[in-house]
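Worksheet: the structure to be examined is printed underneath.
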Amino acid sequence: MSDDQADVIVVGAGSAGSVVARRLADAGLRVLVVEAGPHREAPEVDDPARMHELWNSPLDWGFRTVPQEHAHGRSLHLPRGHVVGGSHALNAMIWVRGNPADYDRWAALGNPGWSWEDVRPVFERIDGLGTGGPGVLDVLTGYRPDPVQCSIVEAAQEAGLPFNPDYNQGASQDGVSFMQFTIRGHTRLTTARAYLEPVLGKGVTLVPDARARRLLLEGRRCVGVEWTRGGRLERARAGQVVLCGGAIGSPVLLLRSGIGDADALGGAAVHLPGVGRNLQDHWLVPVIASTDRAPTLSRGLPHTQSHLFWRSGPGLEVPDLQPLHFGVPLYEPWMHGPPDGLSLMAGLVRPESKGEIRLSDGAEPLIDPRVLSADADLDALCAAVRLCQEIIAAPALREGWGTRELYPGPLAVDEAGLRDYVRESVVTYHHQAGTCKMGVDDEAVVDPELRVHGVEGLRVADASIMPDVTTGNTNAPAIMIGERAADLILGGVRTPG
Ligand SMILES: Cc1cc2nc3c(=O)[nH]c(=O)nc-3n(C[C@H](O)[C@H](O)[C@H](O)COP(=O)(O)OP(=O)(O)OC[C@H]3O[C@@H](n4cnc5c(N)ncnc54)[C@H](O)[C@@H]3O)c2cc1C
């Protein structure tokens, strides 16, 4: 595509970018999509049971955090999709819209158009849930879970949790549930497949293996993008650029383009101190038990099929815990144990700790989520571990599967031991967000219409714009953000369907 052939350049063909490109092409705009990763057949992506093969592969950016002061100085692996499909091609496919209070809070922070009542019809347009009709993405429900998953759900009820048949459409998220998945006929269904691929060559030109290096600025207007491809430098101009590089990729590209904190950058084209700040993530701590026989695992489904939403203490407006349950033991490299077992990953989804992303002197950004820097997060994760320990010891698992707790096990005989174990074993839940936050305060990077403050012709539309990370997995919210971005660019909000 030559310089003048695109109306809009979308950077990143991930969860949100694929949606933006599709919707703009449907409206007749010519869209150029620049994606760092490849576009190719990948059976290990398609098969929902093979996601563990993708980490540290060429399809993973393989980011690592700086040493984490409150996690025993460990540097944590942050996998991210480096492929057409983005992180939706690497993820566990769990479909969680989030808690209505998440979006009402975004709106209350000065973002009209983002309340639950505003975004619910957008989710319905994506997933079709509750409409009686199809969405663009199939959401798999009503499948036959693995027997061990049924026992985990029973054990959670024995431990006192209610069964929640539908955490997306029920009256509340609370309780233990079987997961809903973006899977079509035993195959992972990404937004690249559902949204983007049908319009390739029909208004959308995809440039894979093309890593954007910087945005082209003329004064305070963004006029295009420059990228490297096969060792060559290429560029294109367009009337508008939409940045969909994800919660790490988008702030990094802004910073490399001179849009960020002027002091930290040693001078900036546009001084926007919030770029890269407000980094939020969800966190997991493994609780692992051996079983007296190998749990059978279904073909065509992930090894996690159930989860629960719960509260670490009284007085919380929404759940802050979301453990998820695997029918395999997920040992950390320093752990040992038999091959037959299960893992309840104690999950925190309302973190108080916030970090930031900065540029380094080298090629890799400095990613510092400051995990567990807020004591409240440590307290909540300890409560999540205790809940998972109770579930593992409940009759449906102890008598049904002979579960014996291995981790934390003897490492957490007292409170000090448990806190130490959490710091030693905490890992990402893969939900980085917030680094180009939407809002109207001094640290906001985009306005409620996703336009970068102080720059014309440039929007950000991905998980980075969340003012606060949502309560639950972040793929559905990122996709909703892509839909909203397209609505805003096209100048109106469509009705569902
Ligand atoms: C291992 C893992 C498991 C997860 N499990 C779940 C789950 O089960 N359910 C759930 O809801 N969420 C899950 N998530 C999170 C979810 O997938 C993400 O929140 C979501 O995909 C974010 O969408 P995005 O559009 O913001 O970014 P992405 O989907 O990551 O898209 C960003 C795209 O931009 C490209 N890019 C970045 N920088 C550049 C550049 N400079 N030039 C060109 N291209 C660039 C990237 O290659 C990528 O394709 C998981 C994530 C991971 C990594």
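Only a predicted model underlies this, so the values are computations on that prediction, with no experimental measurement involved. Counting starts at 1 for both ligands and their atoms, in listed order.
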Worksheet item: Which atoms from ligand 1 have a heavy atom of Val83 less than 4.0 Å away?
Response: 49 (O)

Worksheet item: When you look for heavy atoms under 4.0 Å from ligand 1, do you find them on the side chain of Ser87, its backbone, both, or neither?
Response: both

Item to complete: Considering only non-hydrogen protein atoms, determine which one is nearest to atom 33 (C) of ligand 1 and report residue, atom name and distance to 0.1 Å.
Response: Cys244 O, 3.7 Å

Worksheet entry | N or O pair under 3.5 Å between Ala247 and ligand 1 | no

Worksheet item: When you measure from the centre of the six-membered ring of Trp114, is the NZ or CZ of Arg484 under 6.0 Å away and within 45° of the axis?
Response: yes

Worksheet item: Side-chain donor-acceptor pair under 3.5 Å between Gln149 and Asp146, yes or no?
Response: no

Discussion item. Counting non-hydrogen protein atoms only, what is the nearest one to atom 14 (N) of ligand 1? Give residue, atom name and distance.
Written reply: Asn91 CB, 3.6 Å

Worksheet item: Picking from Val275, Leu272, Leu243, what satisfies side chain to side chain contact (heavy atoms under 4.5 Å, CB included) with Val452?
Response: Leu272

Worksheet item: At a 4.0 Å threshold, what atoms of ligand 1 neighbour a non-hydrogen atom of His82?
Response: 47 (O)

Item to complete: Number the atoms of ligand 1 from 1 as they appear, then name those within less than 4.0 Å of a heavy atom of Ala16, with their elements.
Response: 25 (O)

Discussion item. Whether the side chain of Thr435 engages the backbone of Gly276 through a donor-acceptor N/O pair (distance < 3.5 Å, no angle test) should be reported.
Written reply: no

Worksheet item: Can any side-chain N or O of Gln173 pair as donor or acceptor with the backbone N or O of Thr471 at less than 3.5 Å?
Response: yes

Fill in: N/O separation below 3.5 Å, Ile94 to ligand 1
yes

Worksheet item: Is the closest heavy atom of Trp95 to ligand 1 under 4.0 Å?
Response: no

Item to complete: With heavy atoms of Arg80 as the reference, note each atom of ligand 1 found under 4.0 Å away.
Response: 51 (C), 53 (C)

Worksheet, complete the sentence: Between Arg299 and His186, the two heavy atoms sitting closest are O-ND1, 4.1 Å

Worksheet item: Would you call Ala461 a ligand 1 contact, heavy-atom distance under 4.0 Å?
Response: no

Item to complete: Just need the protein heavy atom nearest to atom 44 (N) of ligand 1, so name the residue and atom and give the distance.
Response: Ala36 N, 3.1 Å

Practice prompt. Determine the interplanar angle of the Trp334 and Tyr407 rings, folded into 0 to 90°, and report it as parallel if under 30°, tilted if 30 to 60°, perpendicular if over 60°.
Written response: perpendicular

Discussion item. Met93 and side chain to side chain contact (heavy atoms under 4.5 Å, CB included): which single residue from Thr304, Thr190, Thr182 fits?
Written reply: Thr182

Worksheet item: For ligand 1, does Arg213 get within less than 4.0 Å through its side chain, its backbone, both, or neither, judged by non-hydrogen atoms?
Response: neither

Worksheet entry | Residue Arg370 excluded, over 12 heavy atoms near CZ under 6.0 Å | yes

Practice prompt. Over all heavy atoms of both residues, which pair between Ala42 and Leu59 is shortest? Give the atoms and the distance, please.
Written response: CB-CD1, 4.3 Å

Worksheet item: Going by the atom numbers of ligand 1, which of them fall below 4.0 Å from some non-hydrogen atom of Pro79?
Response: 53 (C)

Practice prompt. Evaluate ring-ring contact (aromatic ring centres under 6.0 Å, His included) for Tyr167 paired with His307, printing each intermediate quantity in order.
Written response: CA-CA 10 Å; Tyr167 56 87; His307 62 175; 4.5 Å; yes

Worksheet item: Does the side chain of Asp377 come under 3.5 Å of the side chain of Trp283 through a donor N or O and an acceptor N or O?
Response: no

Worksheet item: Of the choices Asn475, Val207, Val469, which has the non-hydrogen atom that lies closest to atom 12 (N) of ligand 1?
Response: Asn475

Worksheet, complete the sentence: Quick note on ligand 1: atoms under 4.0 Å from a heavy atom of Gly246 include exactly 26 (O), 27 (O), 32 (C)

Worksheet item: Should Val34 be listed as contacting ligand 1, given a heavy-atom distance under 4.0 Å as the test?
Response: yes

Worksheet item: How far is atom 31 (O) of ligand 1 from its nearest protein heavy atom, and which residue and atom name does that atom have?
Response: Gly14 CA, 3.3 Å

Discussion item. Applying a heavy-atom cut-off of 4.0 Å, say which part of Ser464 lies close to ligand 1: side chain, backbone, both or neither.
Written reply: neither

Worksheet item: Measuring from the heavy atoms of Leu90, does anything fall under 4.0 Å of ligand 1?
Response: yes

Worksheet item: Going by heavy atoms, is Trp61 under 4.0 Å from ligand 1?
Response: yes

Discussion item. Counting only nitrogen or oxygen atoms and a 3.5 angstrom limit, does Gly249 reach ligand 1?
Written reply: no

Worksheet item: Below 3.5 angstrom, do we get any N/O pair linking Met93 and ligand 1?
Response: yes

Practice prompt. For atom 40 (C) of ligand 1, find the nearest protein heavy atom and state the residue, atom name and distance (0.1 Å precision).
Written response: Ala212 N, 3.7 Å

Fill in: Donor-acceptor side-chain pairing of Gln240 and Asp7 below 3.5 angstrom
no

Worksheet entry | Proximal atoms of ligand 1 relative to Gly81 (non-hydrogen, under 4.0 Å) | 46 (C), 47 (O), 48 (C), 49 (O)

Item to complete: Quick one: look up the protein heavy atom nearest atom 18 (C) of ligand 1 and list residue, atom name and how far away it is.
Response: Thr474 OG1, 3.9 Å

Discussion item. Within a 6.0 Å radius of atom CZ on Arg229, are there more than 12 heavy atoms belonging to other residues, nucleotides or ligands?
Written reply: yes

Worksheet item: Where is the nearest protein heavy atom to atom 51 (C) of ligand 1: which residue, which atom, and how far?
Response: His430 CB, 3.4 Å

Worksheet item: Does the pair Arg193/Asp46 count as a salt bridge with the N-to-O cut at 4.0 Å?
Response: yes

Practice prompt. Identify, with sequence neighbours excluded, every residue that meets side chain to side chain donor-acceptor pair (under 3.5 Å) alongside His282.
Written response: His431

Worksheet item: Are Gln169 and Arg97 close enough that a side-chain donor and a side-chain acceptor fall under 3.5 Å?
Response: no

Worksheet item: Considering distance alone, does some N or O of Arg211 sit under 3.5 Å from an N or O of ligand 1?
Response: no

Response to the item:
In ligand 1, the atoms that come under 4.0 Å of a heavy atom of Gly12 are 33 (C), 34 (O), 35 (C)

Discussion item. Quick test: of every protein heavy atom, which one is nearest to atom 10 (C) of ligand 1, and how far off is it to 0.1 Å?
Written reply: Asn473 CB, 3.2 Å

Item to complete: Please say whether Leu253 places an N or O atom under 3.5 Å from an N or O atom belonging to ligand 1.
Response: no

Worksheet item: Are any of the heavy atoms in Ile248 under 4.0 Å away from ligand 1?
Response: no

Worksheet item: Salt-bridged, Arg125 to Asp487, with N to O below 4.0 Å?
Response: yes

